[in-house]
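So the structure is just underneath, and the comments pick up after that.
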Amino acid sequence: MKTTLIITTYNWHPALKAVLLSVLAQRTLPDEIIIADDGSTAETAELITSMRPHFSIPVIHSWQEDKGFRVSRSRNKAIAQASHEYIILIDGDIVLDKHFISDHINIAEAGYFVTGKRVKLAQGITDDILNSKAPQISKLCFFSKGITRGRDLALRCLWLHQKTSKTAVNSIKGIHSCNMAFWLEDAMEVNGFNAEFEGWGPEDQEFAQRLINSGKQRKIAKYYAVGYHLSHKENCRGNLQANENLLKQIQQQRTRACKLGLNEFTPQG
């Protein structure tokens, strides 16, 4: 099984650098990396160019014009460029445990998509990570100081994961696309993320709901595939109500494929 790691980003290149350093430290590398850039300025492109020679795998910069928060469209554009059958999706503020990619590969299963958890870090340790090199990143663990939420989620235990992984197979509660994995063919079946969503949330839950509507089930990567969330100000939620209404419509109509999604980049027929 070959994997594509997609990393979403927007104008926070120090965090993206920390994430890429954590990818370099992986016990198992993905087979390619695609940076899904929602319109960052030149600093991000320069960072990616400078980091690319350190990787033995392709590092692709997928950029779109900055027209506001359009992360669904940005992800679709990246997914459409993916060369491999399994997509691992993270945000550009998630620093990875060294087993992250291998853990996702280990728990991948036909008929399932995976939603992971995140360990939230305080501003102090976030600043330390952003100003340090890879060794600081690799030391993150259950015992690290500066964890503000989800310390138990920093535990990595396959037995605990197996006990909890299939407890919410048809639920979209608590889903975060900052740590998610799915089969490329399943994403194509539901036409990817819904690009009608603009602004923050809950495009990830809506994508998951359509996967469930199409017959797929959810697996939770709790106590496995550990990711650490760098502290930052929350995104504007001014369009949240309209987005939540879109989600309710999908749930009521049991929609499988959205109208505006991957088809923008992979025309049919």
Margin query: When you measure from the side chain of Arg52 to the backbone of Val59, do you find a donor-acceptor pair of N or O atoms at a distance under 3.5 Å?
Written below: yes

Notebook entry, point to check: What is the distance from atom NE2 of His61 to atom CD1 of Ile48, rounded to the nearest 0.5 Å?
Noted result: 4.0 Å

Checklist line | Sidechain N-carboxylate O distance under 4.0 Å for Lys2, Glu85 | finding: no

Notebook entry, point to check: When rounded to the nearest 0.5 angstrom, what distance separates CZ in Arg210 from CD1 in Ile172?
Noted result: 11.0 Å

Margin query: Any carboxylate oxygen within less than 4.0 angstrom of a Lys/Arg side-chain nitrogen, looking at Lys248 and Glu244?
Written below: no

Notebook entry, point to check: If you look at every heavy atom in Leu130 and Ala18, which pair is closest and at what distance?
Noted result: CD2-CB, 4.4 Å

Notebook entry, point to check: Side chain of Ser171, backbone of Lys173: donor and acceptor closer than 3.5 Å?
Noted result: yes

Next item on the list: Please determine, by modelled atom types, if Asn11 and Thr41 share a side-chain donor-acceptor pair under 3.5 angstrom.
Entry: yes

Next item on the list: Flag yes if Leu153 and Leu96 sit in one hydrophobic cluster, no otherwise; membership is Ile, Leu, Val, Met, Phe, Trp, Tyr, and two members link when side-chain heavy atoms are under 4.5 Å apart.
Entry: yes

Check: With a 4.5 Å heavy-atom cut-off, do Leu158 and Gln162 have their side chains touching?
Finding: yes

Check: So do the side chains of Ile35 and Leu20 get within less than 4.5 Å of each other, counting heavy atoms only?
Finding: yes

Notebook entry, point to check: Trp63, Leu47: one ILVMFWY side-chain cluster at the under-4.5 Å cut-off?
Noted result: no

Note to self: Can a donor-acceptor pair be found, under 3.5 Å and without considering hydrogens, that links the side chain of Glu32 to the backbone of Ile60?
What the structure shows: no

Checklist line | Verdict with reasoning, Thr115 to Arg218, per side chain to side chain donor-acceptor pair (under 3.5 Å) | finding: CA-CA 7 Å; Thr115 63; Arg218 175 190 179 189; 2.8 Å; yes

Notebook entry, point to check: What are the two closest heavy atoms between Ala221 and Ile107, and how far apart are they?
Noted result: CB-CD1, 3.9 Å

Next item on the list: Measure the shortest side-chain to side-chain distance between Leu246 and Phe197 over non-hydrogen atoms and say whether it is less than 4.5 angstrom.
Entry: yes

Notebook entry, point to check: Yes or no on side-chain contact (heavy atoms from CB on, under 4.5 Å) for His232 and Trp12, after CA distance, side-chain angles and deciding distance?
Noted result: CA-CA 10 Å; His232 60 82; Trp12 197 15; 3.8 Å; yes

Next item on the list: Give a yes or no on whether the backbone of Ser40 and the side-chain of Thr44 come within a donor-acceptor separation of less than 3.5 Å.
Entry: no

Item checked: Distance-only donor-acceptor check, side chains Asn213 and Gln209, under 3.5 Å -> yes

Checklist line | salt bridge (charged side-chain N to carboxylate O under 4.0 Å, His left out) between Arg73 and Glu65, worked out | finding: CA-CA 11 Å; Arg73 186 181 188 276; Glu65 186 179 356; over 6 Å; no

Next item on the list: Verify side-chain contact (heavy atoms from CB on, under 4.5 Å) between Phe113 and Ile212, making sure each step is shown before the conclusion.
Entry: CA-CA 9 Å; Phe113 64 96; Ile212 291 170; 3.9 Å; yes

Margin query: For Tyr224 and His161, take the angle between the two ring planes, folded into 0 to 90°, and tell me which bin it lands in: parallel under 30, tilted 30 to 60, perpendicular over 60.
Written below: parallel

Check: More than 12 heavy atoms of other residues, nucleotides or ligands under 6.0 Å from CZ of Arg151: is that the case?
Finding: yes

Notebook entry, point to check: Distance from Leu160 atom CG to Ser165 atom OG, nearest 0.5 Å?
Noted result: 11.0 Å

Check: Taking all non-hydrogen atoms of both residues, which atom of Ile220 and which atom of Ala168 are closest, and how far apart?
Finding: CD1-CB, 4.0 Å

Item checked: Trp183 and Tyr86 aromatic ring geometry - parallel, tilted or perpendicular at 30°/60° bounds -> perpendicular

Margin query: For a 4.5 angstrom cut-off between non-hydrogen side-chain atoms, does Ile94 reach Asn179?
Written below: no

Checklist line | Minimum heavy-atom distance between Met1 and Thr3, given as atom pair plus value | finding: CE-CG2, 4.0 Å

Next item on the list: Please examine the side chains of Lys17 and His13, heavy atoms only from C-beta on, and report whether any two atoms are closer than 4.5 Å.
Entry: no

Check: When you look at Ile57 and Asp31, which way does the side-chain contact (heavy atoms from CB on, under 4.5 Å) test go after all the steps?
Finding: CA-CA 6 Å; Ile57 57 174; Asp31 294 285; 5.7 Å; no

Checklist line | Closest approach of Arg256 to Val190 (non-hydrogen atoms, all atoms of both residues) | finding: O-CB, 3.2 Å

Margin query: Do Leu89 and Ile7 make a side-chain contact, defined as non-hydrogen atoms from C-beta onward lying under 4.5 Å apart?
Written below: no

Checklist line | Any His104 side-chain heavy atom under 4.5 Å of Val114 side chain | finding: yes

Item checked: Candidate pair Leu260 and Asn191, rule side-chain contact (heavy atoms from CB on, under 4.5 Å), full reasoning -> CA-CA 8 Å; Leu260 183 61; Asn191 201 20; over 6 Å; no

Note to self: Check for me whether the distance between the ring centres of Phe207 and Phe182 falls short of 6.0 Å.
What the structure shows: yes

Check: Between Lys216 and Glu189, does at least one N-O distance fall below 4.0 Å, as a salt bridge requires?
Finding: yes

Check: Do Leu184 and His84 come within less than 4.5 Å of each other through their side chains, counting heavy atoms only?
Finding: no

Check: Measuring from Leu211:CG to Glu206:CD, what's the distance to the nearest 0.5 Å?
Finding: 9.5 Å

Next item on the list: Mark yes or no for whether Ser74, through its side chain, and Arg70, through its backbone, hold a donor-acceptor pair below 3.5 Å.
Entry: no

Check: With hydrophobic residues grouped by side-chain heavy-atom distances under 4.5 Å, do Tyr223 and Tyr112 end up in a single group?
Finding: no

Check: Within a radius of less than 6.0 Å around NZ of Lys163, do more than 12 heavy atoms belonging to other residues, nucleotides or ligands occur?
Finding: no

Check: In terms of side-chain heavy atoms, does Tyr10 have a donor or acceptor partner in Asp66 at a distance below 3.5 Å?
Finding: yes

Checklist line | hydrophobic_cluster_shared for Ile125 and Phe142, side chain cutoff 4.5 Å | finding: no

Check: What about Ile250 and Ile175, same hydrophobic cluster or not, with Ile/Leu/Val/Met/Phe/Trp/Tyr joined at side-chain heavy-atom distances under 4.5 Å?
Finding: no

Note to self: Working to the nearest 0.5 angstrom, can you tell me the gap between Leu121 CG and Lys145 NZ?
What the structure shows: 15.0 Å

Notebook entry, point to check: Between the main-chain N or O of Gly261 and the side-chain N or O of Asn263, is there a donor-acceptor pair closer than 3.5 Å?
Noted result: yes

Next item on the list: Please name the pair of heavy atoms, one in Val226 and one in Phe100, separated by the smallest distance, quoted to 0.1 Å.
Entry: O-CD1, 3.4 Å

Notebook entry, point to check: Can you list the steps and then say if Asp37 with Gln64 is a side chain to side chain donor-acceptor pair (under 3.5 Å)?
Noted result: CA-CA 6 Å; Asp37 189 342; Gln64 68 180 13; over 6 Å; no

Item checked: Atom pair SG/CG of Cys178 and Asp204 - distance to nearest 0.5 Å -> 8.0 Å

Margin query: For Thr28 and Gln26: C-alpha separation, side-chain torsions, deciding distance, then whether side chain to side chain donor-acceptor pair (under 3.5 Å) applies.
Written below: CA-CA 5 Å; Thr28 301; Gln26 292 296 295; over 6 Å; no

Notebook entry, point to check: Is there a donor-acceptor contact under 3.5 Å linking the side chains of Gln123 and Ser231?
Noted result: yes

Check: Between Arg75 and Asp91, is there a salt bridge with N-O shorter than 4.0 Å?
Finding: yes

